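Worth saying up front: this structure is predicted, and the values here are computed from it rather than measured. Chain identifiers are assigned alphabetically (A, B, ...) following the order of the sequence lines, protein sequences preceding nucleic acid strands; residue numbering begins at 1 within each chain.
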There are 2 protein chains.
Amino acid sequence: MGVSRTEIFSEQQNRLADLAKAFAHPARVAILQMLMAKKACVCGDLVGELGLAQATVSQHLKELKRIGIIQGEINPPRVCYCINPPVWEEAKQAFGALLDTRVEVSCC
Amino acid sequence: MGVSRTEIFSEQQNRLADLAKAFAHPARVAILQMLMAKKACVCGDLVGELGLAQATVSQHLKELKRIGIIQGEINPPRVCYCINPPVWEEAKQAFGALLDTRVEVSCC
DNA sequence: GTCAATGATCGCAATATTGCGATATAAACT
DNA sequence: AGTTTATATCGCAATATTGCGATCATTGAC
């Protein structure tokens, strides 16, 4: 009945799916790209760059924090967000392991 | 009001988000892993391996086909699904380009 | 033609996501 | 204490996703 059946999948599969969610919305891709490029790291600046309301950006940041791929450093009255290197590395490994597998042409 | 604002993001960002959606559900991760491992490629076999109903699996396959990362070859009365190498490569490039960017430790 | 097998699609219910205005919170400053 | 600034959270509405039973469509076998 519409409930996500996470229990029937492996920890690894669920984690990879969660990491993928960090990239599965263009706003979050844009946020991560900005953080990587150090174009902006303060919430307010991100709001300015993206065309979205502050509440919306804050929610995307919250989701990225939940996944663990970014961390927020409180620097009153601002919060400076940045990539969390260990989780970024985890994502690189996880996607790399799957994507670098050789794809064979023939099927069946 | 809840509509995804794809128009304010770049083509590239929207495409990467779409590619990420292929991996953003554990069932789709499992399907892609099975296709890669050639453990199963026929819809019915996938249904057997996953613990999900046939209709549900068919829908995930449809979504993966929409993204383009898999293709279905009709082999009556079965359909054999397999990875679509060009799009797989596209995903590898897209994720690689973003994830391989050097993460600097300091922030602000 | 009918039948069985396989997969796609429909229709529905439950839940999740996206977005935003309004409000709450927290800290620095007066 | 009151004000300002920056961010988080609440509450709501709209839409998307997930899941499944039932049904439809296609093909091969009879």
*Identify which nucleotide among dT9(D), dA8(D), dA8(C) has an atom closest to any side-chain atom of K62(A), counting heavy atoms from C-beta outward.*
dT9(D)
*Do L35(A) and C41(A) have side chains that get closer than 4.5 Å, going by heavy atoms?*
yes
_Can you measure D45(A) atom CG to dT5(D) atom C1' for me and round it to whole angstrom units?_
13 Å
_Residue met sooner reading DNA chain C from 5', once Q54(A) and R66(A) are mapped to nucleotides_ = R66(A)
*H60(A) and H25(A) aromatic ring geometry - parallel, tilted or perpendicular at 30°/60° bounds*: tilted
_Please report the distance, rounded to the nearest Å, between CD in E63(B) and C1' in dT17(D)._
9 Å
*Is S58(A) near enough to dA8(D) that one of its side-chain N or O atoms lies under 4.0 angstrom from OP1 or OP2?*
yes
_Both G44(A) and T6(A) contact DNA chain D. Taking the nearest nucleotide for each, which residue is further toward the 5' end?_
G44(A)
*Under a 4.5 Å cut-off applied to non-hydrogen side-chain atoms, are F9(B) and L16(B) in contact?*
no
*Closest-nucleotide ordering on DNA chain C, the 5'-leading residue of A55(B) and R28(A)*: A55(B)
*Separation of dC20(C) C1' from L50(A) CG (nearest whole Å)*: 15 Å
*Residue V79(A), side-chain heavy atoms: nucleotide from dG19(D), dG21(C), dA8(D) that is nearest*: dA8(D)
_Once you apply a heavy-atom cut-off of 4.0 Å, does I74(B) come out as touching a base, just sugar-phosphate, or nothing?_
nothing
*L64(B) pairs by side-chain contact (heavy atoms from CB on, under 4.5 Å) with which of N84(B), V87(B), L32(B)?*
L32(B)
*So, do P85(A) and Q71(A) sit near enough that their side-chain heavy atoms are less than 4.5 Å apart?*
yes
*E73(B) CD to dT6(C) P: how many Å, rounded?*
18 Å
*asked:* So L99(B) and F23(A), do their side chains get closer than 4.5 Å, heavy atoms only?
replied: yes
*Answer yes or no: is there a side-chain heavy-atom contact under 4.5 Å between L50(B) and M34(B)?*
yes
*Does a nitrogen or oxygen in the side chain of R78(A) sit under 4.0 Å from OP1 or OP2 of dA27(C)?*
no
*Identify which nucleotide among dC20(C), dA8(D), dT18(D) has an atom closest to any side-chain atom of Q59(B), counting heavy atoms from C-beta outward.*
dT18(D)
*Minimum-distance nucleotide to Y81(B) side chain [options: dC20(D), dA8(C), dT9(C)]*: dA8(C)
_Contacting residues from residues 19-27 of chain B, given that a heavy atom lies under 4.0 angstrom of DNA chain D_ = H25(B)
*For L61(A) and dG19(C), what is the distance between atoms CG and C1' respectively, to the nearest whole Å?*
14 Å
